[in-house]
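For reference, the structure discussed in these notes is given below.
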Amino acid sequence: MIELKDLSYVRLGTADLATAETFATGVLGLEVRERRRDALYLRSDQRAHSLCYFEGAPEEQIIGFEVENTAALDAAAAALEALRHKVRRGSAAEAQARYVSEFINFRDPTGNQIELVTRPQLSARRHFPSRDAGITGFNHVGLNSTDPVRDEVFWTQVCNARVSDRIGDIPLMRINAIHHTLALVQAAQPGIQHINHQVAEVDDVMRSYYFLREHNVPIVFGPGRHPTSGARFLYFKGPDGVVFEYSCGVGEIADEATHRPRQFTREPLSFCMWGATPGGLIPGV
Ligand SMILES: CC(C)C(=O)/C=C\C(C(=O)O)=C(\O)C(=O)O
Ligand SMILES: [Fe+2]
């Protein structure tokens with residue numbers, strides 16, 4: 001079993017780094033950690049970076065997860081290869097460009113690019129946001145899945161994800177105490193379905209709602225409240241159509257040993273108990 005410890009980063013390819021920076025700092029409210037000729041590194045919490053925009057095709061999207069150490073990374077590579085996943089070991093320069101010691105890259109059954117990393121760097125410097133959006137940290141991602149039932153088996157039986165709740169066949173899965181770090185949403189092709197940052201309180205969600213409207217940022221869902229995690233949320237679109245979510249109050253699973261996933265119906269109220277409709281975010285709902 002591959003033991004995922006934490007979410008480390010998201011990497012997004014883009015043809016327009018300047019627009020990405022304007023959005024990430026002026027709208028989303030992240031902190032620029034570093035600018036390189038071909039990449040922009042952004043912080044949202046104690047991680048040295050949690051989001052990297054790099055010069056590349058927008059279809060190039062990668063999620064990085066931390067594993068315990070080199071032995072765990074080697075064991076993960078062997079397990080994935082035994083299951084016929086093509087595993088690529090990152091070079092020292094690529095690891096340096098991710099602020100990690102080492103990493104491997106592979107694709108999940110849908111074709112999403114996943115990286116497993118060791119020793120992702122933290123920074124003791126306090127996160128100092130470019131806009132006061134109230135961000136307290138990078139929290140979870142939604143992933144496209146061409147077959148959520150098949151992919152749930154991969155994430156739970158090959159990796160150590162556990163299902164906290166399901167909405168229809170969408171599993172909300174945890175890898176630690178946080179209610180979910182990964183959700184799988186039906187789609188025709190691989191990709192990141194949304195990227196979540198936690199904000200401190202519901203006032204931050206609502207302040208951003210008015211801020212985003214004033215700045216003509218497309219809001220795609222919310223404001224609302226998820227009955228699953230209990231979080232109050234807002235989803236909006238960034239460069240290259242990537243969807244970001246602010247939410248507050250994603251809960252923790254009280255007792256890992258006894259938690260049983262709840263099954264929610266696949267209908268709008270299961271995504272928002274206040275009545276916002278997920279529209280284009282969830283096909284057919
Ligand atoms: C996957 C959909 C969009 C969703 O929003 C479902 C629930 C929650 C939650 O319970 O907090 C999410 O934020 C999520 O899955 O990402
Ligand atoms: Fe979410």
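Atoms within each ligand, like the ligands themselves, are counted from 1 in listed order. Just so we're clear, the structure is a prediction, and the values are computed from it rather than from any experiment.
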### Query
Does ligand 1 have a heavy atom under 4.0 Å from the side chain of D165, from its backbone, from both, or from neither?
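None of D165 does.
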### Message
Heavy-atom pairs closer than 4.0 Å: do any link ligand 1 to the side chain of A183, the backbone, both, or neither?
### Response
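Contact part for A183 vs ligand 1: side chain (C-beta onward).
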Do the ring planes of [X] and [Y] sit parallel (below 30°), tilted (30 to 60°) or perpendicular (above 60°)?
X	Y	answer
F106	H85	perpendicular
F221	F233	tilted
Y41	H49	perpendicular

### Query
Is the closest basic N to carboxylate O distance between R47 and D45 below 4.0 Å?
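Looking at R47 and D45, the cut-off is met.
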### Message
Less than 4.0 Å is my threshold; does some heavy atom of L172 fall inside it relative to ligand 1?
### Response
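Yes.
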Atom pairs and distances, donor-acceptor, side-chain atoms in residues 25-32, under 3.5 Å, two or more places apart:
from, atom 1, to, atom 2, distance (Å)
T25, OG1, E21, O, 2.6
E31, OE1, F128, N, 2.7
E31, OE2, R125, NH1, 3.2
E31, OE2, R125, NH2, 3.2

### Task
Show all protein N/O/S atoms under 2.8 Å from the Fe ion (ligand 2), or state that there are none.
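Counting only protein N, O or S atoms under 2.8 Å from the Fe ion (ligand 2), the list reads H140 NE2, H194 NE2, E245 OE1.
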### Query
Can you check whether E102's main-chain N or O pairs, donor with acceptor, with T118's side chain at less than 3.5 Å?
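Yes, the answer is positive, given that a donor and an acceptor are paired below the 3.5 Å cut-off.
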### Query
Counting N and O atoms only, with roles assigned by atom type, does the side chain of H259 sit under 3.5 Å from a partner on the main chain of D255, one being a donor and the other an acceptor?
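Not a single qualifying donor-acceptor pair exists.
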Any idea which protein heavy atom is nearest [atom], and the distance to it?
atom	value
atom 11 (O) of ligand 1	S229 OG, 2.5 Å
atom 14 (C) of ligand 1	H180 NE2, 3.0 Å
atom 10 (O) of ligand 1	T228 OG1, 2.4 Å
atom 1 (C) of ligand 1	V185 CG2, 3.9 Å

#### Entry: Other residues, nucleotides, ligands: >12 heavy atoms within 6.0 Å of K5 NZ
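More than 12 heavy atoms, drawn from other residues, nucleotides or ligands, come within 6.0 Å of this atom.
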### Query
Which residue pairs pass the salt bridge (Lys or Arg N to Asp or Glu O under 4.0 Å) test when at least one of the two sits in residues 153-181, sequence neighbours left out?
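Of all non-adjacent pairs touching residues 153-181, those that pass salt bridge (Lys or Arg N to Asp or Glu O under 4.0 Å) are E152-R166, R162-E256, D165-R262, D169-R266, R174-E256.
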### Task
Could you list all the salt bridge (Lys or Arg N to Asp or Glu O under 4.0 Å) pairs where at least one residue sits in residues 268-285, not counting sequence neighbours?
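Passing the test, one end in residues 268-285: no pairs.
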#### Entry: Selected option - heavy-atom contact closest to atom 13 (O) of ligand 1, from M173, H179, H140
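Nearest heavy atom to atom 13 (O) of ligand 1 lies in H140.
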### Message
Which option wins on minimum heavy-atom distance to atom 5 (O) of ligand 1: F233, F221, F271, Y235?
### Response
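That would be Y235.
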